[in-house]
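In what follows, a single structure is set out as C-alpha cells and then discussed.
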Amino acid sequence: VGHYEWKIVVRNNTDADLTLSGDVDLVDQDGHAVDTAKVMGLRISARADQELTGSKMVMADAAIAGVKAVLISRTDKAL
C-alpha cells in the first residue's frame, strides 16, 4: 500500500493536434499492472511533446517498478 507519483512524456509525430484518452498502468517488476490511472482529454499540439504527471494511491501489496501507457486519439489510432 502506498502513494505513487508518475510522469510520462507523450510525443505527437503527426501534423494535426490530438486529444488523447486512455490508461496509465502502474506495473510491478514483471510488467504486470498493479493499478491503473485514467487519462481523459489530454490535448497535444502537432509535432509536440507533452509531459503528463499524476499520482495514485495503490492499495495492493506490490512494489511499483514503472508505468505503461495506452493512449488512444479521437480517430481511434493507438499511439
On a heavy-atom basis, the closest approach of Leu18 and Ser73 is CD2-CB, 4.1 Å

Under a 3.5 Å distance rule, please check whether Arg47 uses its side chain to pair with a backbone N or O of Asn13 as donor and acceptor. yes

| query | In the single-linkage hydrophobic clustering (I, L, V, M, F, W, Y; side-chain heavy atoms under 4.5 Å), do Leu42 and Ile8 co-cluster? | reply | yes

The reported gap from CG in Asp35 to CE in Met59 (rounded to nearest 0.5 angstrom) is 9.5 Å

Those residues at least two apart in sequence (or on a different chain) that pass side-chain contact (heavy atoms from CB on, under 4.5 Å) with Lys38 are Asp23

Q. Mind checking whether Trp6 and Val27 sit in one hydrophobic cluster, side chains of I, L, V, M, F, W, Y counted as touching below 4.5 Å?
A. no

query: Got a donor-acceptor contact below 3.5 angstrom from the Lys56 side chain to the Thr36 backbone?
result: yes

| Donor-acceptor contact present, side-chain Asp17 to main-chain Ala46, <3.5 Å | yes

To the nearest 0.5 Å, atom OH of Tyr4 lies from atom CD1 of Ile64 at 5.0 Å

With Leu20 as partner, the option from Leu71, Val39, Asn12 fulfilling side chain to side chain contact (heavy atoms under 4.5 Å, CB included) is Leu71

Tightest non-hydrogen contact, residues Ser55 and Glu5, listed as CB-CG, 3.9 Å

Of all heavy-atom pairs linking Asp49 and Arg11, the shortest is OD1-NE, 2.9 Å

Review point. Do the side chain of Asp28 and the main chain of Asp30 share a donor and acceptor less than 3.5 angstrom apart?
Key: yes

| request: Using atom types as modelled and distance alone, determine if a side-chain donor or acceptor of Thr53 lies under 3.5 Å from a backbone N or O of Lys7. | output: no

